[in-house]
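Step one of this worksheet: look at the structure below.
Note that the coordinates shown come from a computational prediction; the quantities given were computed from them, not determined experimentally.
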Amino acid sequence: MARVTPIPIVALDVPDTDRALALVTLLGDSCGFYKIGGELFTAAGPSVVEAVRREGKKVFLDLKFHDIPNTVRASARSAASQGASLITVHAIGGRAMIAAAVEGAGSGCGVLAVTVLTSMDANAYSEATGKPASPVQDEVSRLGRLAGESGAHGVVCSGHEVARIRSESQDRLATLVPGVRLAGDSANDQSRVVTPADAAREGATYVVLGRTVTASSEPVAAMRRVLEDLSSGAR
């Protein structure tokens with residue numbers, strides 16, 4: 001399977017538009033794609049998507065929709081109309097819900113199905129679902145197949161599951177990897193973390209960079225290290 005450098009997406013996990021745009025300006029040309037999640041979108045609303053796009057950047061709207069299909073279809077349509085390039089839904093919402101999101105999003109906005117959150121290990125997932133503890137990779141694989149059969153652009157998974165998803169989907173599913181940390185950084189509340197180079201070696205399509213860049217005392221230097229790490233892993 002061909003290996004390409006993953007597309008870096010920086011998480012704008014900040015409480016207001018001013019701080020989000022300050023980070024976008026600070027990072028400049030080193031990043032062209034930003035994640036807007038629940039914290040920022042709840043505080044600032046759709047206008048923050050427009051503001052980031054006015055800076056010439058793409059937006060990954062990470063709201064993890066999980067509702068009845070009709071509601072998710074409408075939500076995906078709204079997100080796409082705001083200019084989001086990627087959105088997320090929870091794969092556990094099922095085939096009809098994922099397919100509804102794909103229909104609502106249309107051809108210009110990719111739907112990524114969240115498999116198992118990277119903050120969860122096997123025991124945490126077992127407790128939440130009531131299922132016997134089993135390897136997380138097996139559940140990610142099962143949900144990945146469901147996402148692919150439902151027409152999703154790709155899945156959200158940890159770097160540890162990328163190769164399996166790519167193999168089982170014959171590279172038809174994109175993979176987005178959160179929980180990416182530079183070597184030596186704290187894992188914080190993540191359980192299944194990888195370095196940028198690891199994600200690149202596994203063949204991830206996208207990587208999301210949160211605190212490893214945004215909490216750094218020198219975000220520009222941290223971003224430069226991430227880009228170097230991604231390039232080295234993709235060789």
Side-chain angles (χ1 to χ4, degrees), residues 1-9 11 32-33 35 37 58-66 69 72-73 75-77 79-80 84-120 125 129 134-180 190-209 230 233-234:
M1 293 180 285
R3 185 185 296 165
V4 297
T5 303
I7 297 169
I9 302 176
F33 218 139
K35 184 194 84 143
K58 292 183 177 180
V59 170
F60 164 35
L61 190 56
D62 185 24
L63 300 181
K64 300 181 178 71
F65 300 127
H66 187 179
V72 171
R73 181 185 295 107
S75 300
R77 184 181 299 119
S85 296
L86 295 172
I87 61 170
T88 45
V89 300
H90 274 291
I92 200 72
R95 186 184 306 272
M97 190 205 75
I98 299 170
V102 172
E103 179 186 345
S107 60
C109 178
V111 174
L112 300 172
V114 178
T115 55
V116 178
L117 296 172
T118 51
S119 60
M120 303 183 86
Y125 191 77
T129 60
S134 60
V136 169
Q137 290 85 350
D138 292 346
E139 186 67 1
V140 171
S141 175
R142 183 186 73 81
L143 292 170
R145 287 193 298 274
L146 179 64
E149 291 165 1
S150 305
H153 167 59
V155 299
V156 179
C157 63
S158 86
H160 302 291
E161 294 104 34
V162 166
R164 183 167 172 179
I165 290 289
R166 292 185 64 205
S167 175
E168 291 180 351
S169 73
Q170 297 182 321
D171 262 349
R172 287 192 295 269
L173 283 175
T175 51
L176 182 145
V177 177
V180 174
Q190 300 283 359
S191 290
R192 299 174 359 258
V193 301
V194 294
T195 66
D198 290 336
R201 277 190 286 270
E202 294 299 319
T205 313
Y206 311 96
V207 293
V208 174
L209 308 157
L230 288 172

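Residues that satisfy the ring-ring contact (aromatic ring centres under 6.0 Å, His included) test with H90, not counting sequence neighbours, are H66. Partners of E168 by salt bridge (charged side-chain N to carboxylate O under 4.0 Å, His left out), not counting sequence neighbours, listed by chain and number: R145, R164. Remark: R172 engages no residue in a salt bridge (charged side-chain N to carboxylate O under 4.0 Å, His left out) (not counting sequence neighbours).
Taking OG1 of T118 as the start and CE of M120 as the end, the distance is 10.5 Å to the nearest 0.5 Å. In this structure, CZ in F33 is found 4.5 Å from OG in S85, a value given to the nearest 0.5 Å. The CZ atom of F60 sits 12.5 Å away from the CD1 atom of I7 when rounded to the nearest 0.5 Å. If you take OG1 on T115 and CD on E161, they are separated by 6.0 Å, rounding to the nearest 0.5 Å. In this structure, CG on L176 lies 9.0 Å from OG1 on T88, to the nearest 0.5 angstrom.
When all heavy atoms of V140 and C157 are compared, the pair lying nearest together is CG1-CB, 3.9 Å. When all heavy atoms of A101 and V72 are compared, the pair lying nearest together is CB-CG1, 3.6 Å. The shortest heavy-atom contact between A84 and L61 is CB-CB, 4.0 Å. Nearest heavy atom pair, residue A152 against residue I98, reads CB-CG2, 4.1 Å. What you find for L173 and V155 is that their closest heavy atoms are CD1-CG1, 4.2 Å. The minimum heavy-atom distance linking V194 with G159 is given by the pair CG1-CA, 3.8 Å.
A side chain to side chain contact (heavy atoms under 4.5 Å, CB included) with L86 holds for exactly one of V59, D62, I9, V156; it is I9.
Looking at S167, its side chain never comes within 3.5 Å of a backbone N or O of A163 through a donor-acceptor pair. Remark: side-chain polar atoms of S169 are paired, donor with acceptor, to backbone N or O of I165 under 3.5 angstrom.
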Pair up each side-chain donor or acceptor in residues 104-112 with any protein partner under 3.5 Å, not counting sequence neighbours, and list the distances.
none

For residues 196-209, which side-chain N or O atoms pair as donor and acceptor with protein atoms under 3.5 Å away, sequence neighbours left out?
from: D198; atom 1: OD1; to: R201; atom 2: NH2; distance (Å): 2.8
from: D198; atom 1: OD2; to: T195; atom 2: N; distance (Å): 3.4
from: D198; atom 1: OD2; to: T195; atom 2: OG1; distance (Å): 3.0
from: T205; atom 1: OG1; to: T175; atom 2: N; distance (Å): 3.0
from: Y206; atom 1: OH; to: H153; atom 2: NE2; distance (Å): 3.1

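Residue pairs meeting the salt bridge (charged side-chain N to carboxylate O under 4.0 Å, His left out) criterion with at least one partner in residues 90-112, sequence neighbours excluded, are R73-E103, R95-E149.
Looking at heavy atoms from C-beta onward, S150 lies out of side-chain contact with V102 at the 4.5 angstrom threshold.
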